[in-house]
S.K.: 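I have a structure here, written as structure tokens, and I will follow up with some questions on it.
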2 protein chains.
Amino acid sequence: MAVTIKDIAKQVGVAPSTVSRVINGSAVISQETKDKIMKAMVEMDYHPNSLARNFANGSTYAIGLVIDASDDNTFSNAFFNRSVYAIETVVQENGYNLLITNDRDDDKRSSVEKLVFEKKVDGIILPSSSATPKLIRLLKKNNFPFIILGEPEIEKNETSWVDVNNALGSETAVKHLYQNGYQKIAFILENRTTVFAKNRVEGYEKALEEKGCGEKEDYIKDCGGKVENAFEITKELLRQANAPDAILCSNNVIAYQVLCALKEINVSTPNDVGVMTFDNYPFSEYMDPPLSVVDVDTFRLGEQAATNLIKKIQNADYENQQTIIATKLIIRESTKGKTK
Amino acid sequence: MAVTIKDIAKQVGVAPSTVSRVINGSAVISQETKDKIMKAMVEMDYHPNSLARNFANGSTYAIGLVIDASDDNTFSNAFFNRSVYAIETVVQENGYNLLITNDRDDDKRSSVEKLVFEKKVDGIILPSSSATPKLIRLLKKNNFPFIILGEPEIEKNETSWVDVNNALGSETAVKHLYQNGYQKIAFILENRTTVFAKNRVEGYEKALEEKGCGEKEDYIKDCGGKVENAFEITKELLRQANAPDAILCSNNVIAYQVLCALKEINVSTPNDVGVMTFDNYPFSEYMDPPLSVVDVDTFRLGEQAATNLIKKIQNADYENQQTIIATKLIIRESTKGKTK
DNA sequence: TAGAAATATGCAAACGGTTGCATGAAAGAA
DNA sequence: TTCTTTCATGCAACCGTTTGCATATTTCTA
């Protein structure tokens, strides 16, 4: 059907192995032979068949990216997608292909296990939500290269992972609020149970302690997964005797709810109450007022993960590595300081 | 290294071909033999090597999704991502893998051409922005299965594609606004040059004509790619002698700008001016007021594309097909009608 | 100038499946 | 009981590349 290495060899009058060596530069071939082969490849419109090539090499030249999406919204997570873009870029630059799979169970075998056992990829990147202890152990046992996006539950020191410095993120956010004169800082989260959220709460509490905030008012609120709840939660918080004068939010939608609620009860942002959120969504700078955010460089997150994984694939003894990506404050109107 | 079909065959005392036939169900094998083979496969922890399998079959069992991303924001396009989710689902259900590649040129050969010529995928899905006439012709010449997301520039009837009914979308939006009492409807677009936008403008104009709106005030505004401009554009529009009483926006960020601008100049939405937008972003229902939108079922878009492509891969004479996905209005507060 | 070393290339096996054809055994027909 | 048909399985080639080893030729060394 298509032109093969043998056709080229026959045409030029050399052995197929010689053609192969020219393609791969895997041996010294005389310039003369090389030229003839190259010429024939162009003339005959030859393209290496990667199916055969991968088979012979025992390598797929593909890396798998696992996504833990319960619905299409998960997929649309802007946070995650910038990482995907970074991963795709790095993977491509290194001559690999990116294979994306949702983490669903067919029968006994998860789609991830299939990728691994059936040799569909040379390595995988998986979110911590998919990195169950069982899977981690399985991968390690089979010596299969993988890297986790986010801190895993087990084997923290014996796996490679990349995470965002969530704790430090909220810590600096709280400190920034203090510096700008806010003193009673609440924290509204979408869901307090994730590792994610726990780290953020930790940093928040650390900052409070450092500032000697002994009172321990319960300013941490959980939306129970429903961001709309932030609206009522905010109004409730402000009704309290000891109402907060700043609110840190775990994401932009919550922050938007908070802004709306404050507006409804005629509380001014940032003059009465400061508002701050995690993640620099495109929307955040257009809010009224523009939101100060804890920016997470998700591009770097993906970039690190992909780079690291590829090193590991290419060098089996590449040591496990844990990378923590720093967060960055982007200061806008919403935390400008109180006027009174 | 790993367990192969030959190991199983030896263990059971049959020929490798018999094992292969059991795995593929490609011939009648006695129940007895079948059982023994199955048992051995489980006991020896055998997994078919898809590298070898694909090679023997001359098929990759992968489909390629091309993304035309100039930066990480393109990747984060919520619109597109829901399609990706759908595509991934369909692809997986059909036993294929999804390979994602950004459409970048290395040297002479684009990454797309590489996928095709080096047999890395069995078919591709590509956005109309990547479906250049040159590429379309190349694919058709090589009889390579592909489907376009969006109407292509050439060969409209000799290619398969899926598109959203953008024209009808804005037409119904405008009619809805009329019905609710708005009479002078402006249209603010991010960028008027895309095929996308052109179709939307077409539908908008059609609706105006049908309503006998002869005056032809220039109510179509272009942000020149910068959505922030919508803020000033809105204020300007409202300053005009013949100010509009409704604004249709080409996306949510623009709509948000419009809402803010109206608020700033003390124009009430929806009492004075109705606002409506394309795309049902998660944010839109939380806006103040909640936004009426032209909802585009991007999930179905991807689903259709993937389903169609797979049919074409599995049946070479599967005829080209063009699918147009209907839009749907979601009516919320922002177009409730004028009070005066 | 013979022998050793370096260079360029060929040969053939191997990678792990799949599949057309052949064959032996069992079942059915006459 | 013998011949034909059907069923179950084996044999071996094949898919396109890669690569260790062998070999022929050239270059170097003493």
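No experiment lies behind these values; they were computed from the predicted model shown. Letters A, B, ... are given to chains in the order of the sequence lines, protein chains preceding strands, and every chain is numbered from 1.
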S.K.: Between Ile37(B) (CD1) and dG17(C) (C1'), how many Å, whole number?
M.R.: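 Nearest whole value for this atom pair: 14 Å.
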S.K.: Just wondering, are more than 12 heavy atoms of other shown residues or ligands nearer than 6.0 Å to CD in Glu153(B)?
M.R.: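 Not buried by this count: 12 neighbours or fewer within 6.0 Å.
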S.K.: Measure up the Tyr96(A) and Tyr61(A) rings against each other and bin them: parallel (under 30°), tilted (30 to 60°), perpendicular (over 60°).
M.R.: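 Ring orientation, 0 to 90° scale: tilted.
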S.K.: So if I take every side-chain heavy atom of Tyr46(A) and compare against dG16(C), dG10(D), dT17(D), which nucleotide ends up nearest?
M.R.: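 Ranking dG16(C), dG10(D), dT17(D) by closest atom to the Tyr46(A) side chain puts dT17(D) first.
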S.K.: Counting only heavy atoms not in Lys156(B), do more than 12 fall under 6.0 Å of its NZ?
M.R.: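 Yes, because the 6.0 Å sphere around NZ of Lys156(B) holds more than 12 heavy atoms from other groups.
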S.K.: Rounded to whole angstroms, how far apart are NZ on Lys6(A) and P on dT18(D)?
M.R.: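 Going from Lys6(A) (NZ) to dT18(D) (P), I get 12 Å.
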S.K.: Rounded to whole Å, how long is the line connecting atom CG of Leu51(B) with atom C1' of dT18(C)?
M.R.: 15 Å
S.K.: Taking the side chain as everything from C-beta on, heavy atoms only, tell me whether Val84(B) gets closer than 4.5 Å to Ile100(B).
M.R.: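 They are in contact (side-chain heavy atoms under 4.5 Å apart), so the answer is yes.
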S.K.: In this structure, how many angstroms lie between the C1' atom of dC15(C) and the CD atom of Glu118(A), rounded?
M.R.: 18 Å
S.K.: Between Gln11(A) and Asp7(A), does a side chain to side chain donor-acceptor pair (under 3.5 Å) hold up when you go through it step by step?
M.R.: CA-CA 6 Å; Gln11(A) 170 75 17; Asp7(A) 299 322; over 6 Å; no
S.K.: Any side-chain heavy atom of Ile136(A) sitting closer than 4.5 Å to one from Ile148(A)?
M.R.: yes
S.K.: Rounded to whole angstrom units, what separation is found between the NZ atom of Lys10(A) and the P atom of dT17(D)?
M.R.: 13 Å
S.K.: Write down the distance between CG (Asp7(A)) and C1' (dC15(D)), rounded to a whole number of angstrom.
M.R.: 13 Å
S.K.: Counting the atoms with a prime plus P, OP1 and OP2 as sugar-phosphate, which does Val19(A) contact under 4.0 Å by heavy atoms, base, sugar-phosphate, or nothing?
M.R.: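 If one applies the 4.0 Å heavy-atom cut-off, Val19(A) turns out to touch nothing in the nucleic acid.
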S.K.: Taking the side chain as every heavy atom from C-beta outward, state whether Tyr318(B) and Asn308(B) have any pair of such atoms under 4.5 Å apart.
M.R.: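 Yes - at least one pair of side-chain heavy atoms lies under 4.5 Å apart.
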S.K.: Near DNA chain D, counting only heavy atoms under 4.0 Å, which residues of residues 53-61 of chain A show up?
M.R.: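 Contacts with DNA chain D under 4.0 Å: Arg53(A), Phe55(A), Ala56(A), Asn57(A).
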S.K.: Atom NE2 of His47(B) and atom C1' of dG17(C): how far apart are they, to the nearest Å?
M.R.: 16 Å
S.K.: Confirm from the modelled atom types if Ser17(A) and dC11(C) form a donor-acceptor pair under 3.5 Å, side chain to base only.
M.R.: yes
S.K.: Looking at residues 20-33 of chain B, who's got a heavy atom less than 4.0 Å off DNA chain D?
M.R.: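 Within residues 20-33 of chain B, the residues near DNA chain D are Arg21(B), Val28(B), Ile29(B), Ser30(B), Thr33(B).
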S.K.: Measure NZ/Lys34(B) against C1'/dC7(D) and give the value in whole Å, please.
M.R.: 13 Å
S.K.: Phe55(A) ring centre to Lys119(A) NZ or CZ under 6.0 Å, with the angle to the axis within 45°?
M.R.: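 Not flagged: Lys119(A) not positioned over aromatic ring of Phe55(A).
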S.K.: Between Phe117(A) and His47(B), how do the two ring planes meet: parallel, tilted or perpendicular, split at 30° and 60°?
M.R.: parallel
